[in-house]
Amino acid sequence: MSNTEIDKSTAAPVVASSTNDAGPDRSRRRLLQGACLGLCGLATAGASRLLWSGATAPSNTVGSDSLSQISEGLESPKSHRLAYADDVLLSAQDLLLATALHARLLALRDQLGHGQFNLLSFDQARRQAAQYHRIGSFTAAETAFLEELFYRDAAELGFRSERVVAQLSHSVKSTQLVKVGEMGNFLYDGAPQALFQRIQRDVGNSLLLTSGIRGVVKQTHIYLDKVVACGGNLSMASRSIAPPAYSYHAIGDFDVGQAGLGQGNFTRIFLDSEVCHRLRDLSYVENRYAENNDLGVRYEPWHVKVA
Ligand SMILES: [Zn+2]
């Protein structure tokens, strides 16, 4: 998933809002459901459950013809490009926190480089952020938000795969790593590395490792990237990106792509690539998120299941 398992669809304007915000007798952290609808990406006028609240679809809504071209083979039962009435949404206050955190993590990534950032634990991230004036320490509110985001049950967001990482303090064991390629990606030695090498032998040198091991910080960053782009719609973001504690990239899975495709490797463009065609012919390669899976996650033909 940019270096993330996402396409780079842009956020659409908020088209509906509600005053159903956290009241004084509710926790500040209460997440709104069905309120402050933020729509990201593309939407279809044919989606019966899409919340337009009777309003005209945003200007970036695509027609059914173009949507069918885009979505073919890359949709979960609920489209990752659409918002639904029962989606869980951040409050406006928490969306501001998410946005600030995303920016702080981005600054940290720029400071440390992709390789180190991919493997960073939260304790390391906190220490590193405090060391650099231009990044600055996580605030107490940001830390509380991160903890809540990490420990919340993703099933509430429609993400039905199992929790993979138990603790926010999880760290990647540096002694088990093998660096692959020049993009700062790593694999665990043993089964993940052996599987990647076998695939590379069978597919050829045009095959790249586009995303390997991701620590909790990296997964949180790409998840927040999507959450912010979705205007705070956690459910919608979770249809594209695993929530921070739920990514199998933490324990061995990896993404592959074709050299030269760039971010296209995380979109339907990949489906037409030679690497994807070759991959599909390899009986020993299994997708973690298969087509029409019942996990609430979109089809990811680039994501190789290891664990
Ligand atoms: Zn992946």
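Quick caveat: nothing in here was measured; it's all calculated off a predicted structure. Note that these values count all heavy atoms, side chains included, but never hydrogens, waters or copies made by symmetry. Numbering starts at 1 and runs along the sequence shown. Counting convention: from 1, in listed order, for ligands and their atoms alike.
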Participant: Is it the case that Arg198 places NZ or CZ above or below the six-membered ring of Tyr284, under 6.0 angstrom from the centre and within 45 degrees of the axis?
Facilitator: yes
Participant: By atom name, which N, O or S atom belonging to His249 lies closest to the Zn ion (ligand 1)?
Facilitator: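 Considering only N, O and S atoms, His249 comes nearest to the Zn ion (ligand 1) through NE2.
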Participant: Is a donor from one side chain sitting under 3.5 angstrom from an acceptor on the other, for Ser247 and Gln219?
Facilitator: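 Gln219 and Ser247 do have a side-chain donor-acceptor pair below 3.5 Å.
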Participant: Which atom name would you report as the N, O or S atom of His303 nearest the Zn ion (ligand 1)?
Facilitator: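 This turns out to be ND1.
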Participant: Specify which N/O/S atom of Asp255 comes nearest to the Zn ion (ligand 1), by atom name.
Facilitator: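 Looking at Asp255, the N, O or S atom with the least distance to the Zn ion (ligand 1) is OD1.
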Participant: Kindly state whether the ring of His170 and the ring of Phe122 have centres lying under 6.0 angstrom apart.
Facilitator: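 Here the rings of Phe122 and His170 have centres that are no less than 6.0 Å from each other.
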Participant: Could you tell me the separation between the CE atom of Met183 and the NE2 atom of His114, rounded to the nearest 0.5 Å?
Facilitator: 10.0 Å
